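Read through the structure below, which is laid out as structure tokens, and then see the notes.
Model, not experiment: these values are computed from the prediction.
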Amino acid sequence: MMIDKATLRAQMHERRAALSAASRASAATAVAALVDDLLTRIGAAPGSCISSYWAIGPELDSAPLGSALVSRGHTLCLPVMVGKAKPLAFRTYAKGDALVARTWGIKEPAATAATVTPSILLVPLLAFDDHGYRLGYGGGFYDRTLQGLRETSAVTAVGLAYDEQHVDEVPHLAYDQPLDWVLTPTGLHRCAG
């Protein structure tokens with residue numbers, strides 16, 4: 001019998017919180033070191049606009065990878081919540097830009113930052129499986145966003161995760177959007193889909 005999302009979410013919060021600060025920092029560095037493999041294998045066009053995220057709590061810190069992407073000529077943006085049950089919007093972000101703390105302490109670019117459409121999304125998660133299904137926080141923001149982007153353009157979704165976040169199966173429904181890839185400290189994993 002498959003575990004339900006709420007139970008798995010609680011278990012994964014505990015598993016991720018149990019990682020030491022040193023192991024979390026090491027994981028972020030290891031993921032950033034894989035930047036060239038990531039860009040090559042996903043077929044990133046030169047100068048792509050890539051959505052990252054501002055890590056909260058013990059999420060895998062995407063900042064080192066973001067710096068590596070910028071150093072290779074890519075533009076970063078961050079997601080912006082525009083309302084409950086709505087897809088995310090994206091605004092440009094460069095290191096040092098002012099950020100505004102919003103819901104759940106998530107930091108977003110100010111309203112003055114340019115709105116863009118990324119071709120690659122780096123996605124935070126609590127758990128992932130080999131088919132690319134991810135367990136998020138339950139708001140459905142990334143599912144709605146990916147569905148909308150996939151209907152209008154080519155977009156690649158890459159989950160960023162600790163290896164400890166892999167599970168045999170993430171419970172999912174018809175509207176859940178699978179990831180294309182998951183990047184962990186041990187490498188880039190193509191999802192079975």
Side-chain angles (χ1 to χ4, degrees), residues 4-6 8-9 12-13 16 31 38-39 42-45 47-57 59-63 65-66 69-70 74-94 97-129 131-161 165 170-183 189-193:
D4 65 87
K5 284 187 178 185
L8 182 58
R9 194 169 280 122
M12 297 310 292
H13 271 294
R16 193 176 66 183
V31 162
L38 168 69
L39 294 171
I42 69 172
S48 294
C49 181
I50 300 174
S51 171
S52 190
Y53 60 88
W54 193 268
I56 55 172
E59 283 181 339
L60 195 142
D61 184 1
S62 63
L65 178 58
L69 290 165
V70 169
H74 298 282
T75 301
L76 287 186
C77 62
L78 294 176
V80 175
M81 288 188 288
V82 295
K84 186 176 180 180
K86 294 190 176 191
L88 298 164
F90 299 91
R91 293 186 189 140
T92 58
Y93 171 75
D97 285 357
L99 294 171
V100 179
R102 299 285 305 266
T103 307
W104 303 303
I106 296 172
K107 294 185 179 181
E108 300 176 349
T112 53
T115 300
V116 293
T117 302
S119 57
I120 300 166
L121 273 69
L122 303 178
V123 183
L125 53 84
L126 279 168
F128 70 93
D129 65 22
H131 296 284
Y133 288 104
R134 66 178 275 279
L135 183 68
Y137 298 112
F141 291 101
Y142 276 99
D143 291 313
R144 281 187 288 278
T145 302
L146 285 169
Q147 180 182 3
L149 288 172
R150 286 172 170 162
E151 288 172 355
T152 60
S153 60
V155 64
T156 301
V158 181
L160 294 187
Q165 291 176 280
V170 171
H172 59 275
L173 300 170
Y175 60 78
D176 289 318
Q177 294 287 311
L179 301 165
D180 301 298
W181 302 83
V182 176
L183 181 61
H189 313 275
R190 177 129 182 124
C191 300

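- The heavy-atom pair separating P79 from F90 by the smallest distance is CA-CD2, 3.8 Å.
- In this structure, D180 and T156 approach most closely via the heavy-atom pair OD2-CA, 3.4 Å.
- The nearest pair of heavy atoms linking M81 to R102 is O-NH2, 3.8 Å.
- Formation of a donor-acceptor pair under 3.5 Å by the D129 side chain with backbone atoms of G132 is found in this model.
- At least one side-chain heavy atom of L65 sits less than 4.5 Å from a side-chain heavy atom of L183.
- Applying the ring pair (Phe, Tyr, Trp, His ring centres under 6.0 Å) test to Y93 and every residue at least two apart in sequence or in another chain returns nothing.
- Between the side chain of T145 and the main chain of L88, a donor-acceptor pair closer than 3.5 Å is present.
- Across R16 and Q165, no two heavy atoms sit closer than the pair CD-NE2, 3.7 Å.
- One N or O on the side chain of H74 and one on the backbone of S48 form a donor-acceptor pair closer than 3.5 Å.
- The cationic group of R144 lies under 6.0 Å from the six-membered ring centre of F141 and within 45° of the ring axis, placing it in a cation-pi geometry.
- A 4.5 Å side-chain heavy-atom check between K5 and D176 finds at least one atom pair inside the cut-off.
- A side-chain donor-acceptor contact under 3.5 Å links D97 to the backbone of A94.
- The side-chain contact (heavy atoms from CB on, under 4.5 Å) test with L179 singles out one residue from L125, L160, V158, L121, and that residue is L125.
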What's the verdict on side chain to side chain contact (heavy atoms under 4.5 Å, CB included) for T75 and V116, showing C-alpha distance, side-chain angles and the deciding distance?
CA-CA 10 Å; T75 301; V116 293; over 6 Å; no

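- Atom OG in S119 sits 6.5 Å away from atom CD1 in I50 (nearest 0.5 Å).
- Side chains of H13 and Y137 form a contact here, defined as non-hydrogen atoms less than 4.5 Å apart.
- Between P118 and V155 there is no side-chain heavy-atom pair separated by less than 4.5 Å.
- At least one side-chain heavy atom of L99 sits less than 4.5 Å from a side-chain heavy atom of P109.
- Taken from CZ in R134 to NE2 in H172, the straight-line distance is 14.0 Å, to the nearest 0.5 Å.
- A distance of 8.0 Å separates CG of L122 from CG of L76, quoted to the nearest 0.5 Å.
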The test is side chain to side chain contact (heavy atoms under 4.5 Å, CB included); show your working for L78 and E108 and say whether it passes.
CA-CA 7 Å; L78 294 176; E108 300 176 349; over 6 Å; no

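- The shortest heavy-atom contact between P178 and H131 is CB-O, 3.8 Å.
- To the nearest 0.5 Å, atoms CD1 (I120) and SG (C49) are separated by 9.0 Å.
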Does the side chain to side chain contact (heavy atoms under 4.5 Å, CB included) test come out yes or no for L69 and L39, once each step is laid out?
CA-CA 9 Å; L69 290 165; L39 294 171; 3.6 Å; yes

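- Within the model, atoms CH2 of W54 and CD1 of I106 stand 13.0 Å from one another, a figure rounded to the nearest 0.5 Å.
- Taking each heavy atom of L146 and A157 in turn, the nearest pair found is CD2-CB, 3.7 Å.
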